[in-house]
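Structure record follows, encoded as structure tokens.
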Amino acid sequence: MPAADTYFPILLLFVIAVVLAGVILLIARLITRFAIKPREGEAKYTVYESGVNPLGDARLRFSIKFYLVAMIFIIFDIEVVFFYPWAVVFRDMVKESPLILWEMLVFVAILALGYAYVWRKGGLDWD
Amino acid sequence: MSANGKPQTIEKLVDAFGGAVLHTGEALGEWSAVVALDSIHAALQFLASDSELAYEHLSDLTAVDLSQLNRAEPGLDGARYAVVYHLYSPQNETRLRVKTPVTDENPTAPTVSDIWAAAGWAEREVYDMFGIAFENHPDLRRILMPDNFTSHPLRKDYPTKGLGERAAFNFETSASNLVGKSDSTDRGEDAIESETMVLNIGPQHPATHGTLHLEVELDGERIVRATPHLGYLHTGFEKLAEAMHWNQWIVVTDRMNYLSPLSNNFGYVLAVEKLIGVEIPKRAQYIRVALAELARIADYMVWLGTHALDIGAFTAFLYAFQQREKAYEIFEACAGARLTISYTRVGGLFYDAPESFEPMMRAFVKEFTDEALPEIEKLLSRNRIWIDRTQGVGVISAEEAVSYGLTGPCLRGSGVRRDLRKTEPYSSYEEFEFDVPVGASGDTYDRYLVRLEELRQSCRIITQALDNMPDGPVNVEDHKLRFADKSHVYKTPDHTHPYDPTQPYGSIEGLIHHFKVNMDGHGVPVPAGEAYCATESPNGELGFYIVSDGSGTPYRVRVRPPSFYNYQSLPRLLEGHMMSDVVTALGSLNVIAGELDR
Amino acid sequence: MSAWIMAAFMLTAAAGAVMVILYRNPVYSALSLVLTMFALSAIYVMMGAYFIAVAQALVYAGAIVVLFLFVIMLLNLRNQQALKESFGLRAAVGALLGALFIGVAGGTMWAVLSPDQFSKSAEVFKDEGHTESLARLLFKNNLVPFEAVSLILLAALIGVVVLIRFHGRPSSDNSEESNDA
Amino acid sequence: MELAATAAKAVFIVAFILAIVPMLVLGERKVSGWIQDRHGPNRVGPGGLLQPLADGIKFLAKEVLAPKSVDRKLYFAAPALLLVPALMSGAIIPWSKPIPADSFIGNLLSAENWSPDGIPFQLARIDVGVLYFLAIVSLGVYGVILAGWASNNKYTLLGGLRASAQVISYELSLGLSILAVLLMAGTLQVDKIVEQQAGAGWFIFYQPVAWFLFSVTALAETNRAPFDLAECEQELVGGYHTEYSGMTFATFFLAEYGNMAMSSALNVSLFLGGWTLFGLEEMIPWYLTFLIFIGKVLLFLFVFLWVRWTFPRFRFDQLMRLGWKMALPLALGNVIVTAGAIALHEMWSAPLWPVMAAGQLALIGAVVLTSVLNARADAQRSQA
């Protein structure tokens, strides 16, 4: 079961990593609680805003631009995911017929069309 | 100048406004005019826009409380305050002082911020310090003092000693006033719009290098609005001057632009010397020039280092600071101090420069021009990221730069060739050969290039000063002005020997001399009068406007701080820019809080 | 052993899905969704569909939920009152629709996929190997659907730009006006 | 025994990151000191070598405090969410050639019983190797965005947003630059990619453009200067981790430097031949190949540091432009050019290297041409 070719080692690593992260944070909290005498003070527990009192909540609606980037990213990400299996078999399959090359070129061309459209419409400009 | 000795300006002014010009006069080579309050706006408008006069530059705007002045100022009878405008015409290279009387009851004056953008903050400061309201001012609030402060500290009835209103002032309740509008606007749940975020940059922020406070409103990364708040380092230097002897205040000037303290010392004593009408020995002038240029180099090194650091080039910061350290070693050799050196005195210098002065300076200049500067340039000037970050950022056109009262490298970056060392040479600057570099586009990159070239020119000046350094004393021979030699006051052969507490006094004569120069009422004899003396400090025009009533202390000292006017243009520079450009534009102005707030 | 691990992941996935609904705070809901995606990914691994598992993590957990988080922050659902108010009626309708969905989906699966087909589909991945076999399937046998995907994505891309332009532009102008007000 | 080997390897990966991060921090300070003409840490221990220890003690002894207005659960979960992916990304790295079954460790684990060809020094020799790395790295963005959001501070929020927008913008180029290698290697398995390079030569010689892109995007993905906009102290004070202190802050540090080390390790494996060294690896024992690998990684990390202390920082719009308008088309173009070259090679058996080199040169030429044209257009615009 725990051969290097399976996914079990990753599960193992995941468990170790989670435990380690938890232990680090736990130790930190414990040290804070028992080994350090925290100095009290209201100002200490306020968030930083360059030395003035922070007013209002920092969680506010932010620029729609971030949203656009995320959406475009998803679409391209899905497209890129198709590239990986293609790349893996490309060298073998192209020996048989160049079809695989044309396939992907068509795919990329359509993708590039969309990319050009987004660029043209200013979707890639931050301003 | 016309036949009767009056300059064209005065003549045209009198022609145009006749009886409203209450008085004109000349003193110490400066012309001044007193204009009645109801015509002052029109008169200034005329002076600024007349094509022959073209006083495009409002050097400074301030006020004087006349209530305890022991002489009658012509044209200002019965007035409690005089609002003073210092104008400069780049076209004719002339200066003019215009005053207008303001009465005690309900003191108001018309705003001139519509004529010169520079007046905006200056009028706020006058409002803050004197309580003179400016009609039609777009944003008349206190600027240096807390918003709920009720007194006006530069009025003569505000005490120079003791605490004044501060004794009873509760800062806690005023803290929120300093924050300004900080909450975000909520537009209800239906609107799927981005909210703007109000972010306070400073007063405790790594990029503000001091206690600057900039309130920016952001839409995502884009700046919608930027509002600077001042006064965190306001220390009342101008009020302090009214309680200090002429030489004592030199120490205070160190604290203004603390990156190049000598430039402040220099500017102040020049103003006092102008009032006294004394010419100091050539050697002292040359040493002052050489050290002023060294101070400029040290100042620019801090500017360059921190500016580069703000843009993320950490290494350039340390390279620059290394050079500053070396410059400070020379200051240390001369004055015994590195930062607050107080090296100049009215009538000369504290000490003569030491033997090691010349070799140290030459070694510094050689290393600086041959190695350090090229290295920093290599790191930045042609670096693609650096160019992308600075080019086209914080652009200000030449006209706007003049209107905002920008001076120094910030003005020259916009292509205006104005350098007081050339246009109004002082302290033998006319004997030196150097160029005045100007930029083309007025962006951050041009201001950077201008400063770099000025560093080279400063080295040129230093070399010339060393080559032609005259021999002789470094103080005027007038014993009423110059300090007693330390060796005459303390019993040590010269100042390099340690102080001996068992034998504290050198000679009774030396001690009396020392006593006389320092004591109130006996000290430096400054005649009654007024003078405005401007020098080219690293940040631009550093002007001292001094009113003397002939006593042992100044009646009023007004500093024209270049940073104050430069900083005022920041919201304009940031229009339409992004969050990251805040630090870029701010860095390119090199605002020094000590000088800004005084 | 393997079955137990599988069961654990299945439970995690289900628990994550439930938490998505139960959390009042939408950020927590989104994070629960990540948990579900993560568990799903592990389930795919256990079924031998390695590439799908990684694609799941890469696209869903790495991109789509990030977008969800952005949207949540964009909308800033500060007042959770709106969610609470009409909980009664909506819950009832939701439960009804949910039951209907499960019935239809389960029935379809039961009808179309017999248990031995389940195991067969797993066998395909197990035997022939992983990414390569998938690639051959995709680029040889399912050529037209593959190219169709690119067209769908193109449509999505254009849709994004049109929507954002439509909503984005006026709002940035509005914001300044309402500030002054 | 196999389980023991697996567990040992998993522990090794975690230990490696925990060990290399302090070394990196010290190295960073030493290198920056050297670049900047100063000493760097030199007080604790000989030549400052114990400085990381002192740092660690300081971090541990600091109070972990959360401001009152934070979302406490997420605030404390965020560092862990960043650290776990950083620790996990090393699973697919082949650290050396397989440990022979008759070596000391092989005997210790009685390897001839279960792995007579030697124990692979790679935790998970999985089929989707490289993709696993990408997927894990893409999960790291949660830690950043949640740290920014949970802290309820405007600086952290901006930092978190910047970081996430930046990471997703560069992830595409990262994936596409790897694709060129996959096209050549025909596999996603990192150990096979390394073995191929032992025979055919390092892929950097075939794919310099892809290598450059990968290195740059890796800098951006790990939020390193000049792409450190998410935490740049001069604008955002500390970015998303402004409100963290003590060990919680140290955890962010650990994750950042761990990511840096792991992306360097992947870079070395994909482009610089991993543990191979021009055939030398055949002659030397496995532990020396391990040292070769570590040496290459350290060389790479040095470049990371060098870049940081040399370049100024990008502005956000410039960063996005670089990612979307330059890196992405270039990476895509590289994939097509590479595919074309391979097709030529496979179908008409054109010699691989010249075809590939021609393609790379064409790409570089195209980049130079566009930048020249852009510069000319800019100049014309500024004149007008």
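Residue numbers begin at 1 in each chain, while the letters A, B, ... track the order of the sequences.
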Next on the checklist: One pair to check against side chain to side chain contact (heavy atoms under 4.5 Å, CB included): A:Phe90 and D:Thr338. What are the steps and the verdict?
Outcome noted: CA-CA 11 Å; A:Phe90 178 79; D:Thr338 306; over 6 Å; no
Next on the checklist: Apply side chain to side chain contact (heavy atoms under 4.5 Å, CB included) to residues A:Ile16 and D:Ile13 and explain how you reach the verdict.
Outcome noted: CA-CA 10 Å; A:Ile16 293 177; D:Ile13 288 171; over 6 Å; no
Next on the checklist: If you apply the rule side chain to side chain contact (heavy atoms under 4.5 Å, CB included), what do you find for A:Phe83 with D:Leu332, and how did you get there?
Outcome noted: CA-CA 11 Å; A:Phe83 278 104; D:Leu332 201 59; 4.0 Å; yes
Next on the checklist: Quick one, D:Ile168 with A:Ile74, criterion side chain to side chain contact (heavy atoms under 4.5 Å, CB included). Give me CA distance, side-chain angles, the key distance, then yes/no.
Outcome noted: CA-CA 9 Å; D:Ile168 61 178; A:Ile74 289 179; over 6 Å; no
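Proximity to chain D (any heavy atom under 4.5 Å) is restricted, for A:Leu105, to the side chain, taken from C-beta onward. Looking at A:Ile10, both its backbone and its side chain come within 4.5 Å of chain D, counting heavy atoms on both sides. With a 4.5 angstrom heavy-atom cutoff, A:Val89 does not touch chain D via any of its atoms. At a 4.5 Å heavy-atom cutoff, the contact between D:Leu179 and chain A is made by backbone and side-chain atoms alike.
Considering CZ of A:Phe8 and CG of D:Leu123, their distance stands at 10.0 Å, rounded to 0.5 Å.
When all heavy atoms of A:Leu13 and D:Ala10 are compared, the closest pair comes out as CD1-O, 3.7 Å. The two residues A:Leu25 and D:Thr251 come nearest to each other via the heavy atoms CD2-OG1, 4.0 Å. In plain terms, the two heavy atoms of D:Gly175 and A:Tyr84 that are nearest each other are CA-OH, 3.2 Å.
Ranking A:Phe76, A:Trp86, A:Tyr115 against chain D, the residue ahead of the rest is A:Tyr115, based on heavy-atom pairs under 4.5 Å. Interface remark: of the candidates D:Ala80, D:Gly186, D:Ala77, D:Gly186 forms the most heavy-atom pairs closer than 4.5 Å to chain A. The choice from D:Leu319, D:Leu65, D:Ile17, D:Leu83 that makes the most heavy-atom pairs within less than 4.5 Å of chain A is D:Leu65. Per-residue counts of heavy-atom pairs under 4.5 Å with chain A were compared for D:Arg321, D:Gln318, D:Arg162, D:Glu171; the largest is that of D:Glu171. Annotation: maximal heavy-atom pairing with chain A below 4.5 Å, among D:Leu87, D:Leu172, D:Leu182, occurs at D:Leu172.
No side-chain donor-acceptor contact under 3.5 Å links A:Arg91 to the backbone of D:Leu183.
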